[in-house]
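All ligand and atom numbering here is 1-based and tracks the order in the structure.
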Amino acid sequence: MIDGPRHHHRLTDSTNDRARELAIAGAVSGTVVTATEQSAGRGRHGRGWSAPPGAALLCSFVLRPLERRHSLLPLAVPLAVCEAAESLAPGRCQVKWPNDVWIRERKVAGVLIEARPPEWAVLGIGVNLAIPDEKFPEDLRWPATSLGHGVDAEAALAAIRGALGRWTVAEPAEVVEEFARRDALLGRRISWHGGGAQATGSGTATGIDDRGNLLVRLPEGDTVTLGAGEVSLSLE
Ligand code: BTN
């Protein structure tokens, strides 16, 4: 269980920004910032993240210090979110590499990790709880969904605290093993852009390596390795 002090805001720009300030000021590991509403919620790749007030769990945890076993944190956190979500609502959760959480083939939660290694990381988690389909921005309407079934934010936070307590101390090998069980991309055709040497491409996802990189088999048979920080993916 991660059970540090909690700072709740009715409205803030981004819980990750508040948690980052607390981390810089020396907040203890496990400190969590929550908000009912964000005015400038942030997603990966510089995208925004929005949710109607009170309809999502918006939280950011401070984790410190960062150690070797945290090398796969970007994969461990969505595994924790999967476990928590499954304890709250029916349905099996999967992870779309590196850290989107899916339920019934749609995105229910996102993770934004910002870190100053080896000092601290901020684990930002947004879980859609009760957002009607028409309230999602039009471009997200199909891929996004909510946990539903009357799950409230406090129950979701408690479940996430518990699951993070387990997954933030897991050994990398355990993370890789569990990720393989929840890999939403396995065997699927994907395309990517934004990588270094292989800037764009498409192929079939075949799993992850022991460093958490995505393995993609190209149509010619070669396999490329994609690092999570570098690429943006879509399903074909
Ligand atoms: C993504 O899927 O792109 C990541 C979304 C992460 C959103 C959460 S909501 C709580 C925390 N505060 C933010 O500004 N972002 C994260």
Side-chain angles (χ1 to χ4, degrees), residues 2 4 6-24 27 30-63 73-82 84-85 93-103 105-115 120-131 135-137 139-147 151 153-154 156-157 159-161 163-164 168 182 184-185 192-194 214 228-235:
I2 287 204
R6 176 176 176 188
H7 300 248
H8 180 75
H9 299 261
R10 200 200 62 73
L11 172 67
T12 190
D13 46 6
S14 158
T15 55
N16 263 37
D17 292 351
R18 296 291 78 72
R20 167 186 279 267
E21 288 164 4
L22 290 168
I24 291 169
T31 299
V32 61
V33 178
T34 55
T36 310
E37 185 180 359
Q38 294 183 129
S39 55
R42 294 188 288 110
R44 295 180 66 238
H45 301 296
R47 292 191 281 257
W49 174 273
S50 66
L57 173 66
L58 308 167
C59 58
S60 300
F61 292 85
V62 175
L63 181 73
L73 209 50
L75 307 186
V77 173
L79 293 177
V81 176
C82 282
C93 289
Q94 289 186 298
V95 184
K96 177 186 170 231
W97 181 92
N99 47 29
D100 285 352
V101 176
W102 280 15
I103 193 165
E105 293 280 306
R106 292 168 80 182
K107 179 168 171 172
V108 71
V111 172
L112 178 66
I113 299 183
E114 298 173 306
W120 51 259
V122 166
L123 318 178
I125 302 169
V127 185
N128 299 331
L129 298 176
I131 306 178
K135 288 278 165 72
F136 287 110
D139 56 328
L140 290 183
R141 207 158 284 173
W142 175 75
T145 191
S146 290
L147 272 189
V151 174
E154 294 307 307
L157 180 64
I160 287 192
R161 279 182 189 266
L164 277 179
T168 54
R182 294 192 182 272
L185 295 181
W192 76 87
H193 66 269
L214 184 70
E230 304 155 20
V231 295
S232 186
L233 280 190
S234 40
L235 278 167

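Within the structure, salt bridge (charged side-chain N to carboxylate O under 4.0 Å, His left out) contacts touching residues 30-41 (residues at least two apart or in different chains) are Arg10-Glu37.
The closest side-chain heavy-atom distance from Val101 to Leu79 is not below 4.5 Å. For the pair Thr15/His9, no side-chain contact is recorded, criterion being any heavy-atom separation below 4.5 Å from C-beta on. Annotation: side chain of Ser146 is not in contact with side chain of Leu129 (no heavy-atom distance under 4.5 Å).
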I'd like a table of the close N/O pairs between ligand 1 and the protein (anything under 3.5 Å), one pair per line with both atom names and the distance.
unit_1, atom_1, unit_2, atom_2, d
ligand 1, 2 (O), Lys107, NZ, 2.6
ligand 1, 3 (O), Arg44, N, 2.7
ligand 1, 12 (N), Thr15, OG1, 3.0
ligand 1, 12 (N), Gln38, OE1, 2.9
ligand 1, 14 (O), Ser14, OG, 2.7
ligand 1, 14 (O), Arg42, N, 2.7
ligand 1, 15 (N), Arg42, O, 2.7

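Rounding to the nearest 0.5 Å gives a distance of 6.5 Å between CG of Leu123 and CG of Leu164.
Within the 3.5 Å criterion, the main-chain N or O of Gly48 finds no donor-acceptor partner in the side chain of Arg42.
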